[in-house]
Amino acid sequence: MENKKNHAGPLMIALQHDDLFDLNSVSTNTELPKGRAFTFIKAVQTVNERLVEQNKNESLLFEVILITKECSEDVKMKIVESVKHYDLEIGKFYFCKKEELKNTLQSNKVKLFLSTDRDDVHEALHSGISAALLYDQADHRVLKQLKVIFSGDVLGFSEDSLESYLEFELSEKQIETVKAAKICVKEFAVLIGQMRRRFGPENSPICICVLTTWGSRNVCASALKTLREWGLDVDEAFCLAGAPAHPILSIVNPHILWDGGFHNMRDLATLS
Amino acid sequence: MRVCVCRSYRAELLYDHQLFMMNMNTALPKEMHTFWEKETCNQSSPSKKPKPPKPQNAITIAVSSRALFNMDLEQDIYEQQGMEDYLNYQIQHEMEPFAPGPAFPFIKAVEAVNTRLRELYPDSEELFDVVLMTSNHAHVGLRLINSINHHQLFLERFCMTGGNSPIGYLKAYHTNLYLSADSLKVREAIEAGIAAATVFSPGKITEVPETQLRVAFDGDAVLFSDESERIYKAHGLDKFFEHEKAHENKPLDHGPLKGFLEALGKLQQKFYAKGQRLDCPIRTYLVTARSAASSGTRALKTLRSWGLETDEALFLAGAPKGPMLEKIRPHIFFDDQMFHVEGAAELGTVAAHVPYGIAQKIPPKKDGKKDTSARQLE
């Protein structure tokens, strides 16, 4: 049964500093150059602005914490300075080792850990962390909208459709991963669903999409129903039945691509 | 290719005879169809649903939700009461499948062709691929999926763009034909180089064949460019005839739906290769206001120069197209002029408007004298 916990409160997201800033390019400036997560963080700030516009006392806002793994004191300083320089709303900074990641995220009630590195995401998912790919948008235009894609193949998974998943030769382990990922993302989905409902169907700063890459239309329907049960209304839905997803992704241009580590989507995201 | 010249009732009788002949030939396939069905039932996995083909191999037909289904009531709610009421209504009626819309029989016939193709070429991906391309929000998604299930359509691909333009997605799917009830989207698609047409509901229901897909095309500004129409509009009928005669051997430039006719032709070849020419499940028609005696020659020669043909060519010499189409009973008829589209729809043909060429610059005629307009390309 659903617990009646009050869900108001910030929606915590974690980013890694090497996604937010580009550490590889040489720069003489004091601040670090923008990294691949920049459009994401700007979109998140837009959402927060719109939420506050509607309700000054809104507590359900995005809060971003920045995770930094091993790095020198110099770099740490630069990171803090750069955040100030770009006027980014970063709630907290965590300088922690890789092994400490899970604890850090849990103690901060982080609902979603984002990375542009597919392996990082995969590892996180395997250790039970709710994680998703920060989709590297080729176009660095800052949109006035945060776009999130959920995998319909994973969300639409049910015992009834199990047969069709076996047909596509998913191993037992992969099926377990799929089931676990679905459970794992629920908290994030519930909160972002509440946020989404603060706005109407049109002119919303949040856009929720479901992408079903090879599941049938009924798998997609199941995904839509699941999200509705969780209080998350979907704006756009795509069902590809095995057609390549890359062309669709390049039009939708999401910030967040959640696929529960589903291997089929491996060839979709380009990390150029 | 059969050429039908319509001058008087005599021509109509001739056509009836041909129709009779056609029916004789189509009697056979029904039996053969059952035979094939029995064969496939004995195969190892009879309940296995066939996989949709890869977009680049298939002939992709994108259809909007309002073209596929009847959403008139819901459309009214949207226009009069706004988005929120519209979405709420859709969600409340989620379990009620939509009734078929104007493009529904066409899509069903397309699926029937696929079934035949799969029987003859089980490993080929040269099939039709039907995609639902709607700008509806995913809120309407469940009702649409329920409707697809209810009508047992083989439609596994869709894009619900939540209000955004479908044009980018049409390109991403290598769309060969886009059918929509929204003329603005269709216009956008044509301008982006995608074959598209606005589908209109017929004034009355006509029974169309279930085992043979019939597609009828206008000539100028649909299969061909609008270059000759421009001449007629600028310089009149006489100049038009002169010009067409003088340039008889110069092929016309291609129009927006030439590619689709070509795609149909390729599939027809696959049936011919298996000895199914007489009872081919795809039949195409050219229905033009050109006259067989004069300007029609250039049209036929152009098709030939492209290596294309239609199964039948009807040169109406300006006569209204509606009655002829009523006899043919195509699943869809494409024309660039609303006058012809309306005329066809009135008499029960699903007609689709191709917003291309010079005819679009002219304001639509009000309750005008249909006779005079019909003589545009005599």
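Quick note: numbers below take in every heavy atom, side chains included, and nothing from hydrogens, waters or symmetry partners. All values reported here derive from a predicted model rather than from experimental measurement. Residue numbers begin at 1 in each chain, while the letters A, B, ... track the order of the sequences.
The two residues A:R217 and B:E156 have their closest heavy-atom pair at N-OE1, 2.9 Å. Counting all heavy atoms, side chain and backbone alike, A:F238 lies closest to B:M160 at CZ-O, 4.4 Å.
Although no hydrogens or angles enter the test, the distance criterion places no donor-acceptor pair under 3.5 Å between the side chain of B:R157 and the main chain of A:C239.
Around atom CD of B:E79, more than 12 heavy atoms belonging to other residues, nucleotides or ligands sit under 6.0 Å away. Other residues, nucleotides and ligands contribute at most 12 non-hydrogen atoms within 6.0 Å of the CD atom of B:E210. At most 12 heavy atoms of other shown residues, nucleotides or ligands fall within 6.0 angstrom of atom NZ in A:K34.
Once rounded to the nearest 0.5 Å, the distance linking SG of B:C159 with CG of A:L211 reads 9.5 Å. Note: B:N136 CG to A:D235 CG = 12.5 Å, rounded to the nearest 0.5 Å.
With chain B as the partner, the residue from A:A221, A:P201, A:C220 showing the most heavy-atom pairs under 4.5 Å is A:P201. Looking only at heavy-atom pairs under 4.5 Å with chain A, the residue among B:N149, B:I145, B:V131, B:L144 that has the most is B:N149. With chain A as partner, the option from B:A138, B:P53, B:G162 having the largest number of non-hydrogen pairs under 4.5 angstrom is B:A138.
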Could you go through residues 166-176 of chain B and list every donor-acceptor pair under 3.5 Å that involves a side-chain atom there, pairing it with any protein atom two or more places apart or in another chain?
residue	atom	partner	partner atom	Å
B:T175	OG1	B:L170	O	2.6
B:N176	OD1	B:T60	N	2.8

Given side-chain contact (heavy atoms from CB on, under 4.5 Å), test B:L142 with A:R228 step by step and report yes or no.
-> CA-CA 11 Å; B:L142 285 168; A:R228 184 192 285 177; 3.3 Å; yes

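Evaluation of the side-chain hydrogen bond (donor to acceptor under 3.5 Å, both in side chains) rule for B:E188 yields B:S165 as partners, not counting sequence neighbours. Legend: residues meeting side-chain hydrogen bond (donor to acceptor under 3.5 Å, both in side chains) with B:D182, ordered by chain and number and at least two apart, are B:K185.
With a 4.5 Å cut-off on non-hydrogen atoms, B:L132 does not touch chain A at all. With a 4.5 angstrom heavy-atom cutoff, B:D129 does not touch chain A via any of its atoms.
Residues of residues 86-95 of chain B that come within less than 4.5 angstrom of chain A, heavy atom to heavy atom, are B:L87, B:I91, B:E94 in numerical order.
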